[in-house]
Amino acid sequence: MEPPALSALLWDVDGTLAETERDGHRVAFDEAFASLGLPWRWDVAHYGVLLRITGGLERLRADLDGRPDAPADPAEREALARELHRRKNAAYARRVAAGAIGLRPGVRALIDEAEALGVRQAIVTTTSRDNVDALLRRALGTGWRQRFAAVVCGEDVTAKKPDPEAYRLALSALGVPPVAAVAIEDAPAGVVAACGAGVPVIVTRSTYFPDDPVAGALAVGPGLHDRTCWVPRPVADGPQDRDAGIGGRVTLDDLVHWLAAA
Ligand code: XBP
């Protein structure tokens with residue numbers, strides 16, 4: 001039987017391309033609070049709870065709603081949330097440009113392999129466009145945008161993940177049916193979004209979502225750099241690229257086999 005065609009890879013950003021949350025966005029939110037003289041800080045554990053809300057602005061709104069020392073007037077509270085978010089994104093971009101956050105191991109190799117084999121790629125994220133640009137400019141160089149056929153960000157959608165809108169937009173920009181694509185995600189909201197658009201999805205576990213239920217995923221594993229511990233197991237040993245683990249890295253072939261098995 002012919003293996004299923006894989007025409008597109010759809011990449012989530014935060015947690016999947018890079019571990020951006022704990023030492024990137026979280027710290028940048030704290031910088032934004034401090035820059036306005038606010039005493040609020042989001043520690044590592046509290047940020048994990050807040051991360052269940054997708055979108056940094058939405059996260060700020062939810063936090064401010066529960067703070068007795070936040071402005072009571074809704075318009076004032078909204079203006080403060082927007083100013084904090086603007087400052088947070090600027091602080092995040094500075095951190096990333098300074099080299100604080102790199103791609104997760106195995107990511108670069110799969111991007112390169114997909115490109116070499118003519119598999120089109122898209123970014124599908126609920127984060128802001130400037131944050132994606134800061135991260136990928138630093139990781140892939142100034143020409144990073146040419147490597148992706150579509151880049152769907154938080155500004156492009158009316159509803160963020162877990163809503164499937166971002167995935168639907170990417171599919172229509174690429175002109176591929178959902179079953180010819182594979183999404184790579186780390187968080188339950190992203191898996192729900194991909195599944196909602198009918199896109200098969202694999203999960204690379206991340207710091208903040210180490211064992212959350214991800215029903216409907218094709219395969220789940222610790223990262224793209226190491227084929228050991230994936231469920232289901234990849235078929236054969238993978239290539240030993242520079243940053244690969246002992247079992248070799250996850251390849252496009254693995255994705256095709258997982259698709260076929262589904
Ligand atoms: C992750 C998010 C984002 C970031 C913060 O998106 O939910 O909100 O945490 O970025 P994804 P912004 O996993 O889809 O990449 O402040 O720009 O929203």
Side-chain angles (χ1 to χ4, degrees), residues 9-33 35 42 44 46-64 78 80-96 100-101 103-104 107 121-137 139 144 148 150-170 183-197 199 201-210 212 214 217:
L9 276 192
L10 309 182
W11 293 94
D12 169 53
V13 174
D14 295 292
T16 302
L17 284 181
E19 284 282 8
T20 54
E21 297 291 4
R22 189 189 61 191
D23 304 324
H25 290 293
R26 183 188 67 85
V27 180
F29 277 113
D30 279 355
E31 266 186 55
F33 296 140
S35 73
W42 287 351
V44 171
H46 181 56
Y47 193 64
V49 176
L50 288 171
L51 259 189
R52 268 61 197 170
I53 303 160
T54 53
L57 181 59
E58 290 78 358
R59 207 166 292 145
L60 276 165
R61 284 181 185 137
D63 192 62
L64 264 55
E78 176 65 14
L80 177 59
R82 286 184 181 273
E83 179 58 18
L84 284 167
H85 190 241
R86 193 186 65 72
R87 288 173 181 242
K88 185 278 288 181
N89 280 354
Y92 173 83
R94 281 194 301 274
R95 288 184 67 74
V96 170
I101 314 271
L103 296 180
R104 289 182 63 180
V107 165
Q121 302 181 76
I123 298 291
V124 186
T125 176
T126 54
T127 200
S128 314
R129 191 169 299 279
D130 285 353
N131 298 336
V132 177
D133 183 54
L135 181 73
L136 293 182
R137 179 179 292 266
W144 74 268
F148 297 90
V151 177
V152 178
C153 299
E155 292 91 337
D156 302 321
V157 294
T158 54
K160 294 184 176 174
K161 297 172 187 175
D163 193 284
E165 183 182 354
Y167 275 102
R168 292 199 176 117
L169 277 179
I184 308 176
E185 280 282 355
D186 72 303
V191 174
V192 170
C195 290
V199 179
V201 54
I202 67 163
V203 174
T204 54
R205 293 298 195 178
S206 61
T207 305
Y208 273 116
F209 301 99
D212 297 61
V214 284

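Every number for a ligand or one of its atoms is a count from 1 in the order of the listing. A quick note: this is a predicted structure, and the numbers were derived from the prediction, not measured.
- Applying the 4.0 Å criterion to heavy atoms of Val13 picks out, from ligand 1, the atoms 15 (O).
- Residues Glu21 and Thr207 have side chains that never bring a donor and an acceptor to within less than 3.5 angstrom of each other.
- Other residues, nucleotides and ligands place more than 12 heavy atoms under 6.0 Å from the CZ atom of Arg205.
- Heavy-atom distances between Glu185 and ligand 1 stay at or above 4.0 Å for every pair.
- Thr20 and Gly15 make their closest contact through OG1-N, 3.9 Å (heavy atoms, listed as atom of the first residue, atom of the second, distance).
- Only the side chain of Asn89 comes within 4.0 Å of ligand 1, counting heavy atoms alone; its backbone N, CA, C and O stay farther away.
- Residue Arg59 holds the heavy atom nearest to atom 7 (O) of ligand 1 of all those in Arg86, His85, His25, Arg59.
- In terms of protein heavy atoms, atom 18 (O) of ligand 1 is closest to Gly56 N, 2.6 Å.
- In this structure, Arg61 CZ and His85 NE2 are separated by 9.5 Å, a value rounded to the nearest 0.5 Å.
- Protein heavy atom nearest atom 4 (C) of ligand 1, with residue, atom name and distance: Glu21 OE2, 3.5 Å.
- Using a 4.0 Å cut-off to heavy atoms of Asn131, the atoms of ligand 1 that qualify are 10 (O), 12 (P), 17 (O).
- Counting atoms of ligand 1 from 1 in the listed order, those under 4.0 Å from a heavy atom of Lys161 are 14 (O).
- We find the CG-CD1 distance between Asp63 and Ile53 to be 8.0 Å, quoted to the nearest 0.5 Å.
- Put simply, the side chain of Tyr208 gets close to the backbone of Val44: a donor and an acceptor are under 3.5 Å apart.
- Defined by atom type and a distance below 3.5 Å, a donor-acceptor pair is present between the side-chain atoms of Ser35 and Arg87.
- In terms of polar-atom proximity, defined here as any N/O pair under 3.5 Å, Gly55 does make such a contact with ligand 1.
- Taking the six-membered ring for Trp and thresholds of 30 and 60 degrees, Trp42 and Phe29 have ring planes inclined between 30 and 60 degrees apart.
- Shortest contact from atom 13 (O) of ligand 1 to any protein heavy atom: Asp12 OD1, 2.9 Å.
- What you find for Glu165 and Asp156 is that their closest heavy atoms are OE2-O, 4.1 Å.
- Atom 10 (O) of ligand 1 has as its closest protein heavy atom Thr127 OG1, 2.7 Å.
- Contact between Thr125 and Thr127 at its shortest, heavy atoms only, is OG1-N, 2.9 Å.
- In this structure, the separation between CZ on Arg94 and CD on Glu31 is 6.0 Å, given to the nearest 0.5 Å.
- Ligand-side atoms of ligand 1 in range of Lys88: 5 (C), 10 (O), 12 (P), 16 (O), 17 (O), range being under 4.0 angstrom from any heavy atom.
- Neither the backbone nor the side chain of Glu58 comes within contact range of ligand 1; no heavy atom lies under 4.0 Å.
- Nearest protein neighbour of atom 1 (C) of ligand 1, counting heavy atoms only, is Asp14 OD2, 3.3 Å.
- Here the heavy atom of the protein found nearest to atom 15 (O) of ligand 1 is Thr125 OG1, 2.6 Å.
- Ranking protein heavy atoms by distance to atom 6 (O) of ligand 1, first place goes to Thr126 OG1, 2.9 Å.
- Nearest protein neighbour of atom 17 (O) of ligand 1, counting heavy atoms only, is Ser128 OG, 2.5 Å.
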